[in-house]
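Below is one structure; the comments refer to it alone.
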Amino acid sequence: MFVYKWTVSDVVKGTALVKQIGDCTVKDKDGMVKGISSYVADPEQAGQSLQSCIKSKAKKLIPSYLQDKSPIYLGATAGMRLLKETNATAADRILASVRQTLASSPFMFKDEFARIISGEEEGLSSWVTVNYLNGALKDLQETSQVDGVLVSQKLVGALDMGGASTQITFVPSKPPPHSSKLKLYGNEYQLYTHSYLCYGKKEAERRYLAQLVKDSNFSATVDNPCGPKGHQRNVTSSYLWAPPCVTGQHSRSTSFTLKGTGNYTLCAKQVDKLFNFSSCRGNSNCSFDDVYQPPIQDGITFFAFSGYYVVIRDLNLTSDVSLDELEYATKNICRKSWDEIKVIPSNPLYLAFYCFDAQYILTILARGYHFEKSKPILRFVGSVNQRSLGWTLGFMINATNLLPVENPGTISIHLIQSGVYLVVVIVGALLISTGILICALSAGRMYKQKRLRTQGLVL
């Protein structure tokens, strides 16, 4: 949960200069961090899990006399998007629980304030966040118009990777087909954005393990080339074949043992199989899975955060590491045994995936998005100006109707802006008319007084 604040004087050309004044991590009754999509068996607890942060942070940070005027929103991302596809009834019950909790809070709330946001909206919101915090939106310099699109060297692309989906968003050199338009601080941007469901880090790991089991013809013990030598992990069939990202189970086995072999060459080949590169048929304007992607213009920097940043941090690499350097570090970590890796202070479940995670982000960046390995145009960052990166800041601006989004959009600002402009015009006309009337009355009175004085002198 994030709490944001701005004043009337912070609104510049229709867009607010927003300040984050607090945050809180939502935990369940046992103190565990869980997304609302995990409450399938007990939807009522999804709403209850939000109470602690509302009470401990939001109510304390926002003055009581402003609470009923302060809107509260919930944006559910890929976890709930997946649940909506597989169990719409459970997703609806979870959202109903969340809405009930938010409606009972002292803050301004409507049912539509809590919803599942699209992957494209998540990508756009992330782009707004990184460019807002980077100062590119508020202090544009050296800008130019290219085919009607505002281009600036300060603008950066956004690469976000969550657990279930990943997004890429940037301003291309030419407006792409089906582009998304944003208007911020009086400037208009046309962006390319795409969200890949099931390509988030957690779902990619699951798909990878299921692929190994299937390739082994569902053997009880399966070699894991991305796993460190000496490491074993037992996984259940129900975990591996969790739809919709993994389907097609053809085995009665209920569990499998994944045995690490630490083979980088085989690891890279298995990771490649998670992507359908051949679907692009050699088209350079295509990423993978036959998805259109415009070319990335020279000179543009991309901020890679969330899952990307976690992997780079865990490998103890710098934020400006090149993909060539990442490849070298990946080969190095994939050669290490479990005895060498397990001494690293981290969650053992994360440690076992260091090799896979590194190879996965290397593959999606180099082969998927076509970033050149030798060019240092990527910045793996967790924060900008001491503010955490993510989609929430951009989403908040959109949700409060300060950010017009035409595609995809939820609430059109044009209706609201028209109302604002209409009020201004009406008030302005009234003030001008009143001024003219006062001037006319004053002129008439002065004329009468002058005439009376003139007449008096004559008399």
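Remember, predicted model here, so these are calculated numbers, not experimental data.
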Quiz item: Hey, would you say the W241 and F218 ring centroids sit under 6.0 Å apart?
Solution: yes
Other residues, nucleotides, ligands: >12 heavy atoms within 6.0 Å of [X] [atom1]:
X    : atom1 : value
Y292 : OH    : yes
K27  : NZ    : no
Y239 : OH    : yes
Q100 : CD    : no
R93  : CZ    : no
K110 : NZ    : no

Here's one to test your reading of the geometry: is the NZ or CZ of [X] within 45 degrees of the ring axis of [Y] and under 6.0 Å from its centre?
X    : Y    : answer
R233 : F256 : no
R313 : F380 : no
K34  : Y39  : yes

Could you tell me whether a side-chain N or O of [X] sits under 3.5 Å from a main-chain N or O of [Y], the two making a donor and an acceptor?
X    : Y    : result
N224 : C226 : yes
S346 : L351 : no
N283 : C286 : no

Practice problem: Spell out, with a plain yes or no, whether C355 and C267 have SG atoms under 2.5 Å apart. | Solution: no
Under 4.0 Å between a side-chain nitrogen and a carboxylate oxygen: does that hold for [X] and [Y]?
X    : Y    : value
R115 : E121 : yes
R281 : D290 : yes
E203 : R206 : yes
D320 : R379 : no
D23  : K57  : no
R81  : E122 : yes

Quiz item: For F303, which of L159, N131, L378, V130 qualifies under side chain to side chain contact (heavy atoms under 4.5 Å, CB included)?
Solution: V130
Quiz item: Step by step, would you call F275 with F277 a ring-ring contact (aromatic ring centres under 6.0 Å, His included)?
Solution: CA-CA 6 Å; F275 304 85; F277 294 120; 5.3 Å; yes
Minimum heavy-atom separation for [X] to [Y], with atom names?
X    : Y    : answer
A358 : L315 : CB-CD1, 3.7 Å
F107 : K59  : CZ-N, 3.8 Å
Y360 : A204 : CZ-CB, 3.5 Å

Quiz prompt | Residues forming a ring-ring contact (aromatic ring centres under 6.0 Å, His included) with F302, sequence neighbours excluded | solution = F170, F371
Quiz item: Is the shortest heavy-atom distance from the side chain of Y208 to the side chain of L212 under 4.5 Å?
Solution: yes
Self-check item: Test ring-ring contact (aromatic ring centres under 6.0 Å, His included) applied to Y73 and F109, step by step
Solution: CA-CA 7 Å; Y73 298 89; F109 178 75; 8.4 Å; no
